[in-house]
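A short worksheet on the structure shown next.
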Amino acid sequence: MNDIKVSARDVQVWYADNHAIKDVSVEIEDKTVTAFIGPSGCGKSTFLRCINRMNDTIDICRVEGDILLDGEDIYDPQVDPVQLRAKVGMVFQKPNPFPKSIYDNVAYGPRIHGLASGRSELDAVVEKSLRRAALWDEVKDRLNASGTGLSGGQQQRLCIARAVATEPEVLLMDEPASALDPIATAQIEELIDELREKFAVVIVTHSMQQAARVSQKTAFFHLGNLVEYGETSQIFTNPVDPRTESYITGRIG
Amino acid sequence: MNVSILSVIVLGLSVLGFFLARRRALSKVNGKAYKLHSRPIYYGQVVFLFTAVPALLVLALWLFIQPIAIERQVSAEIPASAIPKGSTPQLVMSDVRRIAGGIDAMLHAGNITKAEFNDMSVDTTSIRSQLASVGIALGADVTPAVFEAAKSYRNMKNVGHTAMAAVVLVVALAGLLLSLARITPAQRARNIAEHFILALLIGASLVAILTTLGIVLSLLFETIHFFRIYPARDFFLSLTWNPQFRGGSDLGMIPLLWGTLYISLVALVVAVPVGMLIAIYLAEYAGKNLRSFAKPAIEVLAGIPTIVYGLFALITVGPFIRDWIAVPTGLGNSSSSVLTAGLVMGIMLIPFVSSLSDDIINAVPQSLRDGSYGLGATRSETIKKVILPAALPGVVGAILLAASRAIGETMIVVMGAGAAARLDLNPLEAMTTVTVKIVSQLTGDTEFASPETLVAFALGLTLFIFTLALNVLALYIVRKYREQYE
Amino acid sequence: MTVNSQSPTSSSQGQAGPRKSRSLLAVDAHTKRRNASEARFQFMGKLAVGIGILALVGLLASILANGLSSFRQTYVTVDIFLDPAKLDKDGSGDLAKIAKVTTFGYKPLIKRAMAAAIAEHGIDDQGLKAKKIAALISPQAPATLRNYVLAHPDQIGKTVAFNLLASGRIDGYFKGRVTMDSAKLDRNISPEQLRLADEMHRVGLLETRFNWAFFTAPDASDTRPEAAGLGVAILGSAYMMIVVLLLALPLGVAASIYLEEFSKQNFLTDLIEVNISNLAAVPSIVFGILGLAVFINFAGLPKSAPIVGGLVLTLMTLPTIIIATRAALKAVPPSIREAALGVGASKMQTVFHHVLPLAMPGILTGAIIGLAQALGESAPLLLIGMVAFVREYPAAPPEGFFDPAAALPVQIYNWTTRGDPAFVERASGAIIVLLAFLLTMNIVAIILRRRFERRW
């Protein structure tokens with residue numbers, strides 16, 4: 001049993017009048033891959049975005065309840081979301097490298113957060129991050145080439161490298177492989193498993209197989225409710241809630 | 001017969017043709033419309049089009065060609081000896097035209113009768129004083145050759161007009177009758193009418209090409225004319241601009257170009273940062289309320305005619321800069337200055353830059369913003385380090401478009417920059433621009449033979465090429481940029 | 001840097017317990033600096049928006065402050081005896097003979113009437129001579145009188161009450177442009193005359209009221225700004241707009257229909273497209289050169305004529321209208337076209353029966369915006385002679401299209417080049433009129449767009 005990294009209590013989210021997340025409470029463990037599954041529009045991505053306050057950028061979005069990171073309320077008015085996001089990194093559905101060089105993409109986070117002083121330190125951070133993202137060998141000779149020139153899978157690994165470069169403690173992944181081909185997907189899944197050693201990883205996925213392959217814990221969302229949360233093996237083999245079972249067996253979703 | 005009456009007759013014939021054709025088509029099948037290939041209205045359309053369009057085309061062409069043809073003919077009739085010293089065939093021709101017009105006016109006013117006019121000759125009548133009575137003032141007494149030329153000019157014009165009326169009517173009638181005669185139940189009237197209309201549509205879209213051609217040819221033609229009487233080297237390289245009415249002018253373009261570029265630079269220095277910051281602020285920060293108020297306000301600025309900005313420069317900004325900046329610092333004492341014109345032009349360009357930048361900033365995909373925010377970047381870091389670099393080509397394109405506008409702007413510089421051609425760095429001095437000089441050389445009574453007038457065409461060509469190049473470049477860059485995110 | 005030294009260590013603590021790094025609740029120095037920079041950037045953005053709005057307010061305020069007074073004008077009400085001894089010496093009543101009396105002959109009548117009016121109301125004449133007293137009245141007044149007499153010859157010998165324009169300086173005095181101090185230095189007016197005007201104002205001989213003539217009167221010469229009006233300019237602009245509407249709208253719509261609905265991708269189409277996008281960016285003055293070279297020199301059309309102005313503005317507006325029309329056509333969803341084609345309509349029928357009517361609001365909006373652009377344009381009109389001094393109203397169309405006329409924006413420019421500061425007031429007033437027209441057109445465009453806006 002790992003430590004609790006993130007704990008959410010009675011979280012509610014509204015988009016204008018639409019109640020998107022209802023009373024969600026969940027405890028996410030450190031050094032574990034937690035998968036959020038559920039049919040489209042069930043609120044799993046919305047909840048994921050609450051954990052690093054990405055929903056702040058949407059005007060009409062309102063969040064209630066507590067989300068604690070290491071026991072500190074991340075929605076406390078004293079918390080600067082900018083600092084929070086340095087600790088809780090995020091990888092998005094579609095690879096979104098900046099139209100800059102590979103090096104500058106990875107160095108972006110360390111630079112804005114002032115995590116490296118001097119070029120050599122930054123070089124080291126970039127190399128370490130690219131190695132962690134299993135991309136170093138493919139790009140080490142062309143660090144100055146544009147990040148947008150890479151293949152889809154490489155782009156997504158670049159985004160992962162970019163996210164881990166700020167030394168986050170939690171890594172949020174919003175369907176990171178949904179835009180990729182099967183081979184690239186396999187590489188990403190392998191990478192997620194390795195990342196678990198360092199971070200708490202939370203992954204939203206549409207693919208139940210993927211959830212089963214990469215995660216240790218699984219949370220099933222349905223219509224804005226957290227229906228069931230437990231060990232991945234238990235959820236997939238012996239679900240408690242009939243809705244979970246319907247989803248797993250393909251009757252809803 | 002006058003042109004408007006003629007066109008009304010042609011249109012009347014066409015409408016008549018429309019109804020006749022419909023009746024005729026129906027009568028051919030004894031009123032059973034389903035036996036016709038097309039609905040009866042299309043037979044009407046065909047006849048209408050074949051009656052109106054060729055006749056009106058002939059009319060337009062005739063109106064365009066006749067003056068040129070007559071001019072050629074008459075100026076050939078004037079012997080070289082009839083051209084006084086210091087004058088040119090063009091000047092004499094303009095006298096001829098004015099005399100002919102004067103004679104028409106006299107006949108119209110009833111000052112002389114037709115018979116009197118036929119007997120009129122230079123020796124017996126004081127034509128100059130008679131013309132003066134209808135408001136045509138001539139510089140010198142009329143020579144017999146010129147008077148004869150005027151007479152034949154008038155004759156040809158009258159004959160030409162009569163012939164035109166006849167030809168146009170014949171064309172219209174021929175179109176009417178021929179197309180009526182061709183009506184059969186099997187005639188594919190709809191297809192014919194549609195092809196005809198398609199041809200008209202194509203013709204309309206060719207106007208754009210014709211306009212460009214007209215611009216290029218008229219500029220080029222007169223510019224070549226100019227370089228025949230003024231050395232091109234002096235125009236491009238001389239550092240003085242000093243036109244003289246009595247010849248011996250210095251017509252160097254460089255001081256004008258310098259003023260143009262200097263003022264445009266000041267304008268861009270004002271407009272680009274302010275315009276871009278407005279676009280950024282409204283797109284990324286402003287709440288709904290501010291946006292709904294500020295955006296239309298900025299757009300209002302875009303809809304204000306440049307003459308208004310010109311007056312603003314003349315009565316408000318110019319005196320303000322003179323009294324509060326130029327005179328206290330001792331750098332100048334004129335209210336028209338580079339700074340005045342540049343500042344006001346900058347204000348004019350703010351909405352232009354901000355709306356272009358707004359488009360460009362919005363074209364940057366949201367995913368890049370999310371990526372940056374997700375890494376913990378603040379809004380301004382995201383804008384400065386991700387959005388602007390990603391939008392850079394578009395922004396460059398927008399700046400080039402704004403520069404092209406600034407270079408071609410006329411009224412603000414006419415009213416705010418001054419008229420003195422100067423090569424100077426002091427922004428509080430009055431300077432002048434290419435557009436100001438085009439206006440000043442071409443307004444008033446212009447004679448198309450002197451280099452002082454023709455230089456305006458060379459300046460216009462320079463301006464045209466400059467702005468065209470900037471636009472082509474800008475559009476190319478912007479298009480490349482758009483493709484990047486599509 | 002604090003973060004720099006902490007983060008790596010915290011992550012390298014490995015498995016031993018929770019990785020407790022710095023608290024989120026304390027904002028570190030680096031983040032503070034970043035937030036300060038964020039605030040600075042936001043402030044700059046606000047500043048820029050402020051500058052933009054300030055520029056608009058300053059522009060409008062300056063125009064309004066200078067121009068609103070032109071809608072009021074000072075008039076002198078005076079009874080004038082139309083003396084037969086001066087106007088109709090032999091008493092024949094023959095109009096031709098009366099017409100021989102020039103405006104000069106009317107001046108003494110005004111002089112006498114003014115002196116009489118002042119005596120009648122018992123006003124102190126400030127020691128001014130009759131000529132100086134008459135100078136309170138505009139030099140335009142004798143012409144007004146003469147026109148009246150020529151129109152009503154039977155009034156000769158009677159005393160008629162006239163509302164005559166006060167001179168520009170007097171008018172300026174009541175609008176605050178002329179003061180006692182400035183009058184001391186002015187050759188054209190003296191403080192005594194101003195005091196007399198005050199007296200006349202007190203007894204009601206002189207009053208300032210709404211200036212209808214500003215909208216209807218023609219331009220006036222340099223020495224009589226008080227008589228200058230926008231009549232010819234408004235008419236000339238209206239004629240040009242008619243020409244633009246009659247030519248640019250059909251041509252623009254036809255070209256757009258071809259390019260949007262029928263053209264195939266080929267060299268000609270590309271050429272047309274490139275031409276349109278470049279023409280949209282050609283400086284307006286170049287169109288003026290085109291007009292001068294082609295329409296006036298080559299085709300021999302008259303200078304200063306609305307037809308030439310209209311043609312030039314048509315060519316200038318065409319790209320705007322084409323771009324707007326194409327956007328409107330593009331906004332009609334392809335399903336409409338497919339539906340029409342599907343029931344057997346020809347391509348031409350589809351376009352004219354279905355697509356065009358649906359696109360019409362958008363097309364009209366574009367046309368109005370194009371017209372507004374044309375209405376405010378001045379630079380090309382300077383070159384084709386619209387800046388000339390024109391006092392005669394052009395005839396009714398179509399002949400009137402060929403008569404000399406002015407245009408609103410050019411009239412404004414013309415007035416700014418005159419010496420008398422009263423013309424600045426007139427120019428600013430004319431701009432208010434111009435802006436009012438433009439505002440109306442834009443509001444119509446907005447209403448059209450709102451009213452007929454469709455969501456597909």
Side-chain angles (χ1 to χ4, degrees), chain B residues 4 64 67 190 194 197-198 200-202 204-205 207-209 211-212 214-215 218-219 222 274 277-278 280-282 285 294 297-298 300-301 303 305-308 311-312 314-316 347 350 378-381 401 404 408 410-411 415 435 438-439 442-443 448 457 460 463-464 467-468 471 475, chain C residues 34 37-38 41-42 44-46 48-49 51-53 55-56 59 62-63 66 251 254-255 257-259 262 271-272 275-279 281-286 289-290 292-294 297 299-300 315 318 346 348 372 376 378-379 382-383 387 398 409 412-413 416 424 427-428 431 434 438 442:
Chain B
S4 36
F64 191 67
R190 185 176 55 73
E194 287 184 352
I197 291 173
L198 186 61
L200 289 181
L201 295 182
I202 294 176
S205 50
V207 170
I209 296 182
T211 309
T212 312
I215 290 176
S218 58
L219 288 174
E222 301 290 355
V274 176
L277 276 169
I278 288 179
I280 289 170
Y281 190 81
L282 292 185
Y285 287 103
I298 304 289
V300 166
L301 272 179
T306 53
I307 178 86
V308 182
L311 192 70
F312 186 50
L314 187 73
I315 64 177
T316 307
I347 294 174
I350 285 174
T378 61
R379 278 175 191 262
S380 64
E381 283 163 353
L401 283 178
S404 140
T410 306
M411 293 321 288
M415 296 165 84
T435 48
I438 293 176
V439 170
L442 284 183
T443 27
F448 273 72
F457 290 89
L463 183 68
F464 180 72
T467 51
L468 191 70
N471 278 304
L475 288 180
Chain C
R34 288 170 62 199
S37 136
E38 167 77 21
F41 188 77
Q42 264 207 51
M44 275 162 63
K46 274 188 197 146
V49 175
I51 289 175
I53 292 173
L56 177 64
L59 182 71
S62 133
I63 300 295
N66 279 295
L251 272 178
I257 290 178
Y258 173 70
L259 292 172
F262 292 98
L271 192 67
I272 295 171
N275 266 302
I276 290 171
S277 61
N278 283 329
L279 279 181
V282 167
S284 58
I285 187 144
V286 171
I289 300 182
L290 171 78
L292 179 64
V294 173
N297 268 346
L315 296 181
L318 211 49
S346 72
M348 195 66 75
S378 23
L382 295 181
L383 300 191
V387 76
I412 294 167
Y413 170 69
T416 63
V424 169
S428 306
I431 280 186
L434 178 65
L438 293 178
N442 277 300

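Note that the coordinates shown come from a computational prediction; the quantities given were computed from them, not determined experimentally. Just so it is clear: chains get the letters A, B, ... in the order the sequence lines come, proteins before strands, and each one is counted from 1.
Using a 4.5 Å cut-off between heavy atoms, C/Val49 touches chain B through backbone and side chain atoms alike. Using a 4.5 Å cut-off between heavy atoms, C/Leu383 touches chain B through backbone and side chain atoms alike. Both the backbone and the side chain of C/Ile272 come within contact range of chain B, each with at least one heavy atom under 4.5 Å from a heavy atom of that chain. Only the side chain of C/Asn66 comes within contact range of chain B, with at least one heavy atom under 4.5 Å from a heavy atom of that chain. For C/Ile51, the part lying under 4.5 angstrom from a heavy atom of chain B is the side chain only. Of the atoms belonging to B/Ile280, it is side-chain heavy atoms, and not backbone ones, that fall under 4.5 Å from chain C. Heavy atoms closer than 4.5 Å to chain B are found in both the backbone and the side chain of C/Leu59. Of the two parts of B/Ile202, the backbone and the side chain both hold a non-hydrogen atom closer than 4.5 Å to a non-hydrogen atom of chain C. Residue B/Ile215 touches chain C through both its backbone and its side chain, counting heavy-atom pairs closer than 4.5 Å. B/Thr435 touches chain C through backbone and side chain together, each having a heavy atom under 4.5 Å away. At a 4.5 Å heavy-atom cutoff, C/Ala372 makes no contact with chain B through either its backbone or its side chain. For chain B, the nearby part of C/Phe262 is the side chain; its heavy atoms alone come within less than 4.5 Å. The contact between C/Ile431 and chain B is made entirely by side chain atoms (from C-beta outward), counting heavy-atom distances below 4.5 Å.
Side chains of C/Leu279 and B/Thr212 form a contact here, defined as non-hydrogen atoms less than 4.5 Å apart. Considering only heavy atoms from C-beta on, B/Val207 comes within 4.5 Å of C/Leu315 through its side chain. The closest side-chain heavy-atom distance from C/Pro283 to B/Thr410 is not below 4.5 Å. Using a 4.5 Å heavy-atom threshold, the side chains of B/Ile307 and C/Thr416 count as separate.
Between chain B and the residues C/Gly52, C/Ser428, C/Ser346, C/Pro409, the largest count of heavy-atom pairs under 4.5 Å involves C/Ser346. Among C/Ala48, C/Ser37, C/Ser284, the residue making the largest number of heavy-atom pairs under 4.5 Å with chain B is C/Ala48.
A distance of 5.0 Å separates CD1 in B/Ile438 from CD1 in C/Ile285, rounded to the nearest 0.5 Å.
For the side-chain contact (heavy atoms from CB on, under 4.5 Å) test, residues two or more places apart in sequence or in another chain that qualify with B/Leu475 are C/Ser277, C/Asn278.
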